[in-house]
Every structure is written in structure tokens, then in C-alpha cells.
There are 2 protein chains.
Amino acid sequence: MGVRAQQKEKTRRALVDAAFNQLSAERSFSSLSLREVAREAGIAPTSFYRHFKDMNELGLTMVDEGGLTLRQMMRKGRQRAEAGGSVIRISVDTFIEVLESNPNVFRILLHERSGTSAAFRAAVEREIEHFISELAHYTEAQANRTPDLARAQAEALVILVFNAGASALDLKRSERKALADQLVLQLRMVATGAEALQQKMENRS
Amino acid sequence: MGVRAQQKEKTRRALVDAAFNQLSAERSFSSLSLREVAREAGIAPTSFYRHFKDMNELGLTMVDEGGLTLRQMMRKGRQRAEAGGSVIRISVDTFIEVLESNPNVFRILLHERSGTSAAFRAAVEREIEHFISELAHYTEAQANRTPDLARAQAEALVILVFNAGASALDLKRSERKALADQLVLQLRMVATGAEALQQKMENRS
DNA sequence: TAAATTAGCGTACAAATGTACGCTCAACTT
DNA sequence: AAGTTGAGCGTACATTTGTACGCTAATTTA
């Protein structure tokens, strides 16, 4: 890659990073202005356009990138689970760790999920869908579930996890422990319930 | 109430209604400007201050008012359920109806739940907490659950319902049917799972 | 080496925003 | 009847925003 393209990529990264860094509990992506991001990245406002058509395009990039990061981290965590122990417990712990080390990635996903732009909502939904279908396949194979039951179960699990994530963002480290425990309990409810429903259906037919 | 106070109340209502009416899938509360709301309500921008300290105060009013509306409607629906039939099914159907007739009340709750103002998040959480504790008490009495199990169960149920609500806002009428069915299935999972977990605990002790 | 490309800059402008200030006049109080 | 209050208005202003336009200088291509 030429010197020129390299420098351009570097600036682009500076923009993305600047935007991520400005996110916080008090600052959502949609409240960031183009000028603020450019300022933080150390370039002139008008130079922004050399990299993105508008703020929307930057945001979508962030959602995609964030979702990818999350999935990679969760996948690594899952490898730990293969060593043995409760899958649910280990997954929840991994999730909390991921959340703690990437709070802003979470913020943008959670916020824009109920956001004002259809494109954003769709993008976030796509990321969540990745999680759901990975999990559904896993459950289908592992617990021998009916496809549609596996799907409903996976969806419920993911929703509960993401919601707990949203709450966790506002909590202190110590309170997160209790939240994680409650979450584990809820996930077990869903898993146990799905199993019971499946058995009932099998007996009936 | 005097003529004067009456007129003031009327204008205040006009402001609240104006704000609610401007909400849509493309427009969140936080994206509304004071001037826009005043314009829609038919008053001068500066007159806004006669009624609210700032937009934040207006928003909190809307959250409180919206939450109240929702609870009242759900309570009416619950009376229908007492006539017999599946509590879950009837509750879900009621919920969908409520959602369809008050989409904007939902939007503000859903969006500000993950919003940028701590006061807003707390207010929404308070509203959701109402639902959870009402449901937890119901379950505790009805199904004879342990308090903490009842709590975890109620929370899971409410979260699943609200999440489905968020998705439903983006769907066409016909697609909502399928979503409702899936939601019912998930709620049954939780209920069945909670029951099973409780039994297991009782046997163990 | 000469020409073409382009990342980044500075200037500029129209639009919109929140809100300070002071006025009016109808409603209320005394 | 006289005096007080306050809801609503218009004017005004500083600030911030997105973005159009044209320039520069370094890199790339020919």
C-alpha cells in the first residue's frame, strides 16, 4: 500500500476512534456533530468528507466494526467454555468482561437499536441476528431442539443478555455481580423451559 | 379553577401533545428542539419557559404520563383475562393492542431507556419497575413462587415483552401476528422453566 | 521529468438553536 | 376601583451547525 493510501487510512481510523471515544453514558452517537468528531480527530471539518459521505456513514461503519469486535471476543470466550463447566455461566462471565472492556461499542449498539434511523436499526438488528443464529445452531445440535423452538429459545437468551448489558453499563463493578447471577438464573429458566416444552410436544405426537 | 389557570393548563397540554405528535420512527424526543415544539403547539418559543424549565422537564413529564397511560390500559386488559383463558395469551394480545394505539408513548420509553440522560433512564426504569413488581406479586401469589424466583421470572417476562414491542413498532400489521406467537412461546418457556426450577429447589431441600 | 490526482485546509455563509430582556393586556386580588 | 400578577409575544444575539468552493502541496502515474 502506497504512502498516500496509508496516511488516508490512518486519518480514517482517527475519525472512527474519535467518534468512539466521544461516546459515553451522557453522549450518544446521534448527538455528535460532524465538527466535533473532526475536531477530536485533529482534522478540518471539511476534510471529513474525504472519508465519509456524512455522519450516517460513519455511524454505520462503527456499528459494523463494533459488532465484529463483539463477536470475535465472544467466540474466544466460547473456546474457554469448551474446557468444561456451565456453558451459561461461562458465557455470561465472558459477556460481562467484554462489556467492561468495550463499553462504547455496546452503547452505540444499544442506543441505535431503538434509534431514529432505519438504516441503523437494521444494522444493529443484523449484528444481533448473528448472535442469535450462531446460538440457535449450537442449541439445535447440542440439545437436539426443533429448529423453531431453538430459534425462539436463542432469541430469548440473546435478548435477556443484551438487556442485562444495558443495565450493567449503569452499575458499579460490585453490583454487576448480582446482576450476573440474576441473569444466569433467567437464562436457566429459558433453557429449562425450552427443554420441558420440547418434551411435552414429543409426548403429544 | 380560574379562567387564567385553565388557559395555562390548556397551553401546557398543547405543548405535551405537540411533542408526542412529533415523535415517529424517524424522530426521537432528544432530536426535537424547543422551538419546534413551541411552533407545533402554536406559541412563541420564549413562552415555552412559562411551563417547563427546559426540554428535559417536558420529556420527564411525558415519560411519567406515558407510563401511567400504559399501566392503566394494561390493567383494563387484565380484567378481561380474569374471565378465563390463557393469561399469557390475553396479556400479549392486550399489549399489542396498547402498542398499536399508543405507538409514540412506546417510542419515548424505548428510546430514552437507552438514552443519554440519566434522569430519563431512571424515569423509564421506574415505569418498567412498576410492571415488573405488579407481575412479580401476581406470580408469587398465583403460582406460589419464591420471592426472588418470582422477581427474576417477572423481570424476564417484562423484558421479553418490551423487546418484542420494540420490534413490533417496525412491523406491518400482518407480521405482528407471527411476532406475537413467538413471544407467547418465549413467555411460556420462562414460566415453565421457572416452575421446573422451583420444583427442583424444593426437592433438594 | 512532466502531468494528474487528491488529502487536507481556510474562508465563507445560510440556517437553526437556546435564551435574555422588556412589553402588553387580560385576569385576579385587595 | 385601583393595583398586582403573569401568560404570551417580539426582538435580539451569540453560538453552533453542515457544507460549498477553491487552493496547496505532496504523492502517484505516465
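First the proteins, then the strands, lettered A, B, ... as listed; each starts at 1.
Counting only residues at least two apart or in different chains, side-chain hydrogen bond (donor to acceptor under 3.5 Å, both in side chains) contacts with residues 42-70 of chain A comprise A:R13-A:E65. Listed by first then second residue, pairs satisfying side-chain hydrogen bond (donor to acceptor under 3.5 Å, both in side chains) with a partner in residues 164-174 of chain A read A:E100-A:R173, A:D170-B:R121, not counting sequence neighbours. For residues 101-110 of chain B, there are no salt bridge (Lys or Arg N to Asp or Glu O under 4.0 Å) pairs, not counting sequence neighbours.
Nucleotide D:dT19 holds its C1' atom 16 Å from the CG atom of A:N56, rounded to whole Å. Straight-line distance from the CG atom of A:D54 to the P atom of D:dG18: 10 Å, rounded to whole Å. Following rounding to the nearest Å, B:L34 (CG) and D:dC9 (P) show an atom-to-atom distance of 13 Å. Atom C1' of nucleotide D:dA20 and atom OH of A:Y49 are separated by 9 Å, given to the nearest angstrom. We find that CD of B:E57 is positioned 16 Å from C1' of C:dT19, with the value rounded to whole Å. Rounded to an integer number of Å, the gap from A:L15 CG to C:dA7 P is 13 Å. When the C1' atom of D:dT19 is taken as reference, atom NZ of A:K53 falls 13 Å away, rounded to whole Å. As a whole-Å value, the separation of B:L32 CG from C:dA16 P is 16 Å.
Looking at heavy atoms from C-beta onward, A:E112 lies out of side-chain contact with A:S117 at the 4.5 angstrom threshold.
Applying the side chain to side chain donor-acceptor pair (under 3.5 Å) rule to A:Q198 yields the partners A:T146, A:E202; only residues at least two apart in sequence or on another chain are considered. Every residue meeting the ring pair (Phe, Tyr, Trp, His ring centres under 6.0 Å) condition with A:F131, not counting sequence neighbours, appears here in chain and number order: A:F162. Considering only residues two or more places apart in sequence or on other chains, A:T11 meets the side chain to side chain donor-acceptor pair (under 3.5 Å) condition with A:Q7. Scanning for salt bridge (charged side-chain N to carboxylate O under 4.0 Å, His left out) contacts around B:E134 gives B:R75, B:R78, with sequence neighbours left out. Listed by chain and residue number, A:S31, A:E36 satisfy the side chain to side chain donor-acceptor pair (under 3.5 Å) test with A:R27 (two or more places apart in sequence, or in another chain). In this view, A:I132 and A:I128, A:E129, A:R151, A:A154, A:E155, A:V158 satisfy the side chain to side chain contact (heavy atoms under 4.5 Å, CB included) rule, not counting sequence neighbours.
Salt-bridge annotation for B:E97 and B:R80: present, with a side-chain N of the basic residue lying under 4.0 Å from a carboxylate O of the acidic one.
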Requested in this report: Report, as a single string ordered 5' to 3', how protein heavy atoms within less than 4.0 Å touch nucleotides 24-30 of chain D: B base, S sugar-phosphate only, - not at all.
Outcome: --BBS--

Report task. Sugar-phosphate atoms are those with a prime plus P, OP1 and OP2; base atoms are the rest. Using that split, label each nucleotide of nucleotides 8-15 of chain C B, S or - for protein heavy atoms under 4.0 Å, 5' to 3'. Result -> BBB-B---

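At its two ends the helix from C:dT1-D:dA30 to C:dT30-D:dA1 runs along axes set 20° apart, each axis drawn from five pairs and the angle rounded to 10°.
For A:R39 and D:dT16, the shortest distance from a side-chain N or O to OP1 or OP2 is not below 4.0 Å.
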